[in-house]
Every structure is written in structure tokens, then in C-alpha cells.
> 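Dumping the structure here so I can ask a few things about it.
Hydrogens, waters and symmetry mates play no part in the numbers below; they use all other heavy atoms, side chains included. Each chain gets a letter, A, B and so on, in the order the sequences are listed, and its residues count up from 1.
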Amino acid sequence: MSALSDQLVTFAILAYLVAMISHAVEYALGNARRRYVVAQPARELVGAAVGGSGGTITKAPDPAPRVTGVEGRPVGQARIAGLVAVGATVVAAALHLAALVTRGIAADRMPWGNMYEFVLTVTFVGVAGWLVVLAKRPSLRKLGLFLTLVMVLLVATAELVLYVPVVPLVPALNSYWFIIHVSTIVFSSGILLLGVVPAVAFLMRRGYEAGKRSFPYTLAKRLPAAAALERLTFVLHAFSFPVFTFAVIAGAIWAEAAWGRPWGWDPKETWAFISWVVYAGYLHARATPSVKRNVATWIAVVGFLTMLMNLFGVNIFFTGLHSYGGLS
Amino acid sequence: MTVVDERPTTPAEAPRRRPNRLLALLRNSWRQLTSMRTALVLLFLLAVAAVPGSVLPQRNISPEKVNEYFVEHPDLAPRLDRIGAFEVFGSVWFSAIYLLLFTSLIGCITPRMRDHVRALRSKPPAAPKRLDRLPQHAVLPLPEGGVPAIVEALRRRRWRVAVRGNEVSAEKGYLKETGNLVFHISMVVVLAGVALGHWYGWSGNRLLVAGEDNAFCNTRQQYAEAKLGPRVDSAHLPGFCLVLDRFEARFLESGQPDHFNATVTVEEPGKAPRSADFSVNSPLRLDGANVYLLGHGYAPVIRYTDRYGKSQVSDEPFLTTGDAGLTGEGLAAFPDANVDPKTGRRDSNLQVAFTGLYLPTAPEAPPYVRSQYPAERNPALNLVAYRGNLGLDAGIPGSVYELDERQIRTGKVKQIGDKVLRPGESWKLDDGTTVEFLGTKRYVTLSVRHDPGSGLLLVSCGFLLAGLMGSLFGRRRRVFFRVTTPGDADPAGETPTSGSSLVEAGGLPRTDYPGFADEFAQLVAAVGGGGRPDEAAGTGRDGHDRAGTREGTD
Ligand code: HEM
């Protein structure tokens with residue numbers, strides 16, 4: 001079972017790679033369409049209206065602008081590449097889930113016992129969240145390039161750096177709080193990590209819309225409108241922040257039972273605190289009209305970096321009570 | 001996003017009264033402090049200030065590591081120490097940041113609380129003249145029941161309704177601001193809970209060796225280290241006593257711990273002794289204190305028989321060295337050995353001590369320095385014997401776990417040999433005295449704590465969470481209905497309703513709320529029994545943009 005799980009992880013990474021490449025192909029082919037777009041300013045307008053409303057997120061949105069034969073072959077191919085990318089992402093997510101399930105069966109517990117399993121679960125939540133977003137707003141598909149890039153990096157890091165064989169839980173983790181605390185942490189971390197995808201895309205797209213044509217901004221040419229990206233960034237963060245808050249509180253309750261104090265500024269706790277404060281800062285900044293939306297979004301990106309520190313850095317660089325990563 | 005950013009200032013007042021400069025300065029600083037920008041900056045500072053707390057070792061968490069750091073960085077460490085970098089979370093600057101933040105917070109929420117209470121008490125405001133200017137707008141035929149039917153439909157959906165003649169105003173989503181206030185207030189209460197625990201709480205750590213002779217009673221002196229809050233009098237510690245009867249530990253083949261359980265006899269004042277079990281994750285909860293199991297190890301029982309035939313037994317715990325095999329390191333000191341029973345004279349140069357390593361599972365072959373498994377499968381005690389002045393009488397502070405190095409260096413204590421003993425074996429020293437390894441007892445590392453703030457913390461965290469959800473997911477919005485009967489003069493002269501008995505409806509989301517168009521459409525449909533919102537798409541769309549930028553407009 002455990003060997004099967006390891007293989008599934010490898011296949012999942014490959015599938016993410018395929019998805020990433022397909023997205024890149026879609027991108028490249030999409031760029032080839034530029035001439036047509038210039039020739040048809042009306043198309044740009046449609047695109048802007050779809051994304052620009054920014055308010056219709058709960059409604060089933062208009063499908064991606066319809067591709068007509070007039071626009072030529074590259075567009076059709078781009079669309080196919082995009083659909084292949086989505087298909088590959090779904091396959092990757094399924095493999096990813098299967099890897100988690102087999103790992104859980106092999107260990108006879110929830111697969112969250114060490115950092116390897118933890119990162120694997122968090123990234124799965126991220127990709128599942130992405131698929132939900134995609135189902136609701138197919139027009140955001142192009143963000144998949146960033147998402148699959150993040151997935152390949154994180155899952156491959158997990159497999160190459162963090163891998164540990166299956167072992168049972170140490171008694172300190174053996175508590176129902178384990179399930180409550182870790183599942184919510186995993187869930188919220190996954191969504192928060194996912195949040196960086198539209199956040200970065202927004203920052204690039206915003207620059208692009210403001211007329212910047214230098215390197216990172218040009219990438220944003222084919223992205224959805226900035227307002228829609230910003231909105232998605234907010235929705236993801238606003239949704240996961242209370243879950244993260246709950247998870248931290250549950251962790252404190254557990255820490256009281258296990259270590260005799262709800263909060264002890266152990267490195268993991270310290271970084272959870274830092275992430276929480278940074279994300280609270282993001283929500284504040286976004287609620288403040290005098291703070292520009294891109295400043296607020298930068299705060300969300302900083303929050304993402306603190307989450308990475310939480311996931312990887314703390315277990316690698318520091319020792320503390322939470323050092324159950326299994327690395328030595 | 002109701003009342004956000006700088007609160008409206010009233011500069012007009014200033015010149016009229018020629019106010020005191022200082023007062024003006026204070027007022028301005030206060031406004032600055034309670035602005036949302038300041039809150040943001042302080043939040044950011046708080047996050048940054050917490051970073052060194054994870055990067056540098058902290059004295060209250062791992063004092064040994066701080067000492068190591070001093071050895072490794074002799075230049076840097078004292079400088080860091082001076083700015084409190086080893087006690088970040090108690091440092092002046094960290095406290096300053098969060099105290100400022102909380103001052104800002106209180107300054108921010110007090111006026112908002114007042115405004116909100118006022119809003120809760122007042123009726124939804126009168127409808128604006130031009131409902132078609134609102135982000136949502138619809139015209140529908142007058143429902144059969146007239147105005148009361150509209151009110152009824154709104155009330156059923158839990159809108160707060162005010163009727164003014166032929167106008168109905170309704171508002172919903174006060175929960176957002178309520179939740180936001182509850183959330184921020186809870187944060188203040190959380191801080192109060194922490195402070196309460198700090199002032200009135202206490203904690204102590206100690207090792208408890210199994211057996212009745214090693215009973216522990218809860219007094220200040222019995223703790224190896226104890227921390228008492230500033231408002232705690234050591235005389236008021238609850239007077240319970242604990243005896244460790246049994247400690248069970250199970251391990252997997254890999255040596256990884258699997259299960260722990262400590263069985264103790266508890267004696268609390270005024271109660272009959274009782275037996276209790278506790279473990280990692282399920283502490284022993286007593287009156288006024290909780291006992292947590294933090295660690296465990298072995299205490300070798302060592303009997304020394306001196307040259308006068310007198311025996312003494314030591315069962316001091318051997319501290320675990322941190323390896324998975326539970327290798328223990330410790331000291332058995334017999335300062336009262338070799339006292340001539342006839343003269344009663346003690347020769348301090350004949351004191352005896354043994355340092356040693358205890359290996360619950362010794363390897364097959366030497367060196368016997370590292371245990372291979374945490375349970376006692378092949379126990380061995382690797383002892384080194386010393387004789388001489390242990391330095392214990394001279395008032396030199398000594399550790400019960402280590403021999404005083406100075407006495408060895410100055411030659412006052414001499415090493416007289418070493419030997420590996422199995423349980424039951426004995427070793428005859430050069431002077432004919434014997435040492436026997438009788439077996440081991442278990443010991444546990446306990447943390448005993450009392451935190452009077454914890455209940456408050458738990459409750460306030462619950463409120464915090466509930467408030468946060470209300471704040472994030474609540475949506476304040478208003479709708480208005482105006483019945484227009486035929487012949488009504490319309491002030492703008494271009495009413496779309498003149499000529500028939502119609503209802504004009506308008507909706508205003510007061511917070512960022514993308515789903516409002518849908519809700520409005522449903523509401524209109526429910527009220528009008530099938531009335532269609534007009535141009536919902538067009539008005540709705542740019543209405544969103546208006547709402548997005550003009551959040552907070554009345
Ligand atoms: C202890 C530090 C603070 C933390 C951790 C914190 C956290 C938060 C969080 C997480 C939110 C998001 C809820 C939402 O968007 O509705 C929020 C909203 C808000 N906070 Fe704070 N806050 C703090 C201090 C302050 C201070 C000092 C002020 C006043 C200057 C303030 C004013 C507000 C306001 C007005 C909102 C509402 C934003 C909205 O309507 O969406 N907060 N706060």
C-alpha cells in the first residue's frame with residue numbers, strides 16, 4: 001500500500017507537469033492570436049465585460065468567450081490545449097487523492113502524521129479548491145498555469161525533500177484533536193495557498209491593464225480581468241481565514257491538554273501567529289478604501305510566504321514541540 | 001466595510017475656539033492612532049516583531065539553547081540580549097506594539113459601537129426620491145394585499161421594516177457590524193484572559209519517581225523550577241500530594257512510543273485518597289491545578305555498602321539524553337557514607353559517588369554508551385566510581401544530577417574505576433566496599449499548572465470566531481418599496497409608474513455583496529408575485545461598480 005502510494009504521488013506529479021505544459025501551450029497559442037484580437041476590438045470588450053463585472057461570481061458566469069472560426073486555427077488549438085490541461089489537472093488531482101487514501105490505509109490513520117503527508121494533503125486541498133473555482137468560473141482557466149506550477153513545485157518538494165516512510169503516530173499526536181486541528185489547518189492552508197494564484201495573477205494583470213509591457217506583466221496578457229482576479233483572491237482568503245482561525249484555536253486547546261499551556265510561542269505557533277496577523281492585515285487593507293487593492297494583495301502574497309515558512313521552514317530550520325516532521 | 005478608514009474629522013471647530021495646542025496635538029494623535037492605517041502598520045509590525053522569537057532561542061522556552069547561543073556567538077549574543085531578543089514576547093518593544101494596537105483597537109471600536117447601537121435602535125431610513133438611481137431597481141404591479149403584504153413578505157425574510165405612508169424601507173444584515181464588533185471586542189477579552197493567567201497563574205516542573213517514599217506534595221520548595229505569577233502567594237498553592245504508583249509505556253518495534261499511562265494516588269485536602277490515571281493529551285485535572293505528563297525515564301536503584309557495613313540506597317532519576325533509546329545519565333551520591341559508627345566522625349574525603357549511564361537495552365558488545373531500545377530488554381548500568389570530597393557540605397551549590405567538576409579538577413575527588421552492572425549484580429570497590437545495582441524505578445516528568453484565565457480564553461475565542469464569521473459573511477443591505485397610485489405627481493416628471501397602481505422597488509447593498517442582484521430579484525418576485533425586475537442586468541451591473549467604490553454611502 002505504501003509503495004503504491006509513493007508511485008501514485010510520482011504519477012500525480014507527472015500529470016501536473018502535463019497539465020502545466022498544456023496550459024503553457026494554450027498560452028503560447030493564445031499569444032499567436034494577438035493579430036485577430038487587434039483586428040476585432042469588439043472581442044476585447046466582451047472579455048472586459050465578462051470579467052469586469054466582478055460581481056457575478058456567485059452566478060454561473062458566461063462561458064469563456066466563444067471561439068469562432070473567423071479567429072483561425074491557433075485559437076481552436078489553444079482551446080484544446082486548455083481543455084487537455086484541465087483534464088490533466090483532474091487526473092492529477094485524482095491520483096493525488098488516491099495517493100493520500102492509500103497512504104492513510106497503509107498507516108491506518110489520517111495521512112497527516114508528518115510533514116510529507118501534511119504537505120501532500122494541503123496541496124490536494126489546494127487543487128480541489130481550484131477545481132471548484134474552475135467549475136464555477138471556467139473563464140479563469142488560464143490561471144491553471146500558475147496553479148499547476150505551484151503544485152509541481154510543492155508536491156515534488158514534498159516527495160524529494162520531505163519523504164518519510166509510513167509510521168504510526170507518536171502518542172502526543174494521538175488524540176481526537178489531531179483530526180480536528182490538523183484537518184482544519186490542512187484545509188485552510190490549502191485554500192490560502194491556492195489564494196496566491198489569483199493574487200499574483202491579479203498583480204500582473206493589473207500592471208498589464210495599467211499599460212505596463214515589461215517582462216512579468218506581458219505574461220498577464222491572456223489572463224482574466226484584474227477585478228475578477230482580485231475578487232477571487234478576496235473570496236478565497238475570506239473563506240479560509242475563519243477556518244484557519246478555528247484551527248489555530250483548536251491547536252491551542254489541544255496544546256493545553258498535551259503540553260499544559262494553550263500558547264507557548266513554539267516556532268510553529270509563532271509562525272501561525274505571524275500568518276494569522278498578516279492575513280488579518282490583508283482583510284483590513286482590503287476593507288480600507290484608501291489602501292490600494294494592489295497593496296492589499298501584496299499583503300496576501302506576504303501571507304503566502306509566511307504559510308510556506310509554516311509548512312516547510314519551521315520543520316526544517318527550527319526544533320520545537322511541533323517538530324514531528326520526521327526529518328533529522 | 002461600513003465605517004472604515006479615517007473617521008470624518010471636524011476641522012471647522014478648530015479656529016472657532018482657539019484650542020489649546022497640546023489638546024489639539026493629543027486629539028490629532030488619537031485620531032492617527034485609531035485610524036485603520038495605523039492599525040495596519042501595527043499589525044504588520046507585530047508580525048515582523050514575532051519573527052526573531054522563532055529564529056532566536058527563547059529563554060522561557062529553551063534556556064539551554066540560549067546559553068549555547070551565548071557560547072557560539074560571544075560577541076553578538078550580549079548585544080542581542082540587551083534588546084531583549086531572547087525574550088521577544090516579553091520584551092518592551094513587543095509589548096509596546098501590541099499595547100498600541102489594542103489601544104488603537106479600543107479607540108476604534110468604541111465610537112463604532114455607539115454608532116451601531118444607534119443604528120440598531122433607529123428605523124431604516126426613508127427611501128430616496130429616485131429609486132431608479134439605486135444599484136438595483138424594479139417596477140412591479142401592486143400585490144393584492146398592498147403595503148401590508150409587502151411588509152409581511154419582508155418580515156418573513158427577517159428584514160427590519162419601517163413604513164412611512166406609501167413607502168416601505170427595510171434593512172438587513174446588521175449582523176455584519178455586530179459580528180465585527182464582537183470579534184474585535186473578543187480580541188480584547190483574549191488579551192485580558194492572557195493577562196489574568198499571567199498574574200494569577202503559576203506553574204512548576206518536577207520529576208516524580210515511583211514509590212511512596214518519593215511522594216510529592218504541592219509546595220514551592222518541592223519544585224525544581226517554579227514560576228509564580230506576580231499576584232500568587234506561594235502559601236496559597238493547593239495542597240495536594242501525588243504518589244506515582246505505576247507508569248506504563250509501550251513502544252513500537254522501531255522504538256517509537258505508542259502509549260503512555262501514569263497511575264497515581266492523589267491526596268487532596270479534605271478528600272479521601274484516590275487513584276487516578278493520566279497521560280499525554282489527557283492531563284490530571286485537580287482542584288486548582290492540572291498535572292501534565294511531559295516525559296519519562298528510569299531511576300536506577302543503587303545500594304552502596306560502606307566500610308562499616310552500613311548500606312544506603314539511591315534512586316535518583318537518570319535524565320534522558322534525548323535519544324530514542326532512552327539512555328539515561330545521572331549521579332548516585334553518598335555524602336554520608338563511611339561515617340565511623342563508633343566515633344560518629346565523618347571523613348569527608350571518604351564520600352562516595354557514582355556517575356553513570358543507564359541503558360534500558362544495552363548493545364551486545366561494548367561500548368555501552370547508547371541504548372538501542374527504550375524498554376528494558378537488556379538493561380545495563382555503566383558506572384564510574386569516585387571517592388573524595390564531593391563538595392556537597394561546603395555549601396557549594398550542587399546538582400543532584402551531576403558531579404561537581406571542580407572537585408574532580410582540583411583532585412579532591414578521585415576516580416576509582418568503572419564497571420558495567422546488570423540488575424542484581426554487585427561490584428566490590430578497591431576499599432572493600434560494595435555497590436549493587438538492584439533494578440530500576442520509573443520516573444515521570446510533570447508539569448503542574450494553574451491558569452485562571454483559561455476559561456475566559458476559551459469563551460472569548462468562541463465569540464471571536466462567531467463574530468469573525470458574522471463580520472466576513474454578513475451583508476448589510478437596504479431595499480425600498482414605493483407604491484405609486486394613478487395620478488400621483490412625480491417630482492421628476494418622468495416616473496415610470498404613473499397611470500397604474502404599481503410598486504417601484506430599489507435596493508442598495510451597503511457592503512461588498514456580489515449576490516445582491518439575485519437576492520433583490522428574488523425578493524421582488526416574492527413581493528410582486530411574479531413581477532419582473534426591469535433591466536436587472538444593466539442597472540445591476542454598473543450598480544455593482546458603484547457599490548464597490550462607494551461602500552459606506554448612506
Ligand atoms: C488586534 C488587532 C486586530 C486584528 C487581529 C483585527 C482583525 C480583523 C479582521 C480579521 C477583520 C476582518 C473581518 C472583516 O473583514 O469583516 C477585521 C475587520 C475590521 N477591523 Fe480589525 N483587527 C484588529 C484591529 C483593528 C483596529 C485597531 C481597528 C480600527 C482602527 C480595526 C477596525 C476594523 C474594521 C473597521 C473592520 C471592518 C472591515 C469591514 O467592514 O470589512 N481593527 N479586523
> Hey, which of B/R475, B/R476, B/E519, B/R477 is the one that makes side-chain hydrogen bond (donor to acceptor under 3.5 Å, both in side chains) with B/Y513?
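Of B/R475, B/R476, B/E519, B/R477, side-chain hydrogen bond (donor to acceptor under 3.5 Å, both in side chains) with B/Y513 is met by B/E519 alone.
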> Any chance the side chains of A/D266 and A/W259 put a donor and an acceptor closer than 3.5 Å?
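Absent: no donor and acceptor within the cut-off.
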> Heavy-atom distances under 4.5 Å only: say whether B/L458 touches chain A with side chain, backbone, both or neither.
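The answer is the side chain of B/L458.
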> Please identify, among A/I274, A/I299, A/L283, the residue contributing the most non-hydrogen atom pairs under 4.5 Å to chain B.
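The answer is A/I274.
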> Shorter than 4.5 Å, heavy atoms on both sides: which option in B/S454, B/S282, B/A47, B/A39 has the most such pairs with chain A?
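So the answer, after comparing B/S454, B/S282, B/A47, B/A39, is B/A47.
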> B/K176 side chain to B/F473 main-chain N or O, any donor-acceptor pair under 3.5 Å?
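Not at all, since once roles are kept as given, no pair shorter than 3.5 Å links the two residues.
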> I need the residue from A/F241, A/F239, A/Y282, A/W177 with the largest number of non-hydrogen atom pairs under 4.5 Å to chain B.
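Looking at each option in turn, the highest pair count goes to A/F241.
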> If I measure from the heavy atoms of chain A, does B/V51 come under 4.5 Å with its side chain, its backbone, both, or neither?
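For B/V51, heavy atoms of backbone and side chain both lie under 4.5 Å from chain A.
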> Under 4.0 Å between a Lys/Arg side-chain N and an Asp/Glu carboxylate O for A/E256 and B/R285?
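Yes, charged N to carboxylate O under 4.0 Å.
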> Please tell me whether B/S35 and B/R37 have a donor and an acceptor in their side chains that are separated by less than 3.5 angstrom.
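There is no such pair between these side chains.
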> Under 4.5 Å heavy-atom distance to chain B, tell me which part of A/F246 shows up: side chain, backbone, both or neither.
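For A/F246, heavy atoms of backbone and side chain both lie under 4.5 Å from chain B.
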> Sort and list the pairs that fulfil side chain to side chain donor-acceptor pair (under 3.5 Å) and have at least one residue in residues 238-247 of chain A, not counting sequence neighbours.
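Residue pairs passing side chain to side chain donor-acceptor pair (under 3.5 Å), neighbours aside: A/T245-A/W276.
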> Counting only non-hydrogen atoms closer than 4.5 Å, does A/P262 touch chain B with its backbone (N, CA, C, O), its side chain (CB onward), both, or neither?
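Only the side chain of A/P262 comes within 4.5 Å of chain B.
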> Please classify the contact between B/F183 and chain A as side chain, backbone, both or neither, with a heavy-atom cut-off of under 4.5 Å.
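Looking at B/F183, just its side chain touches chain A.
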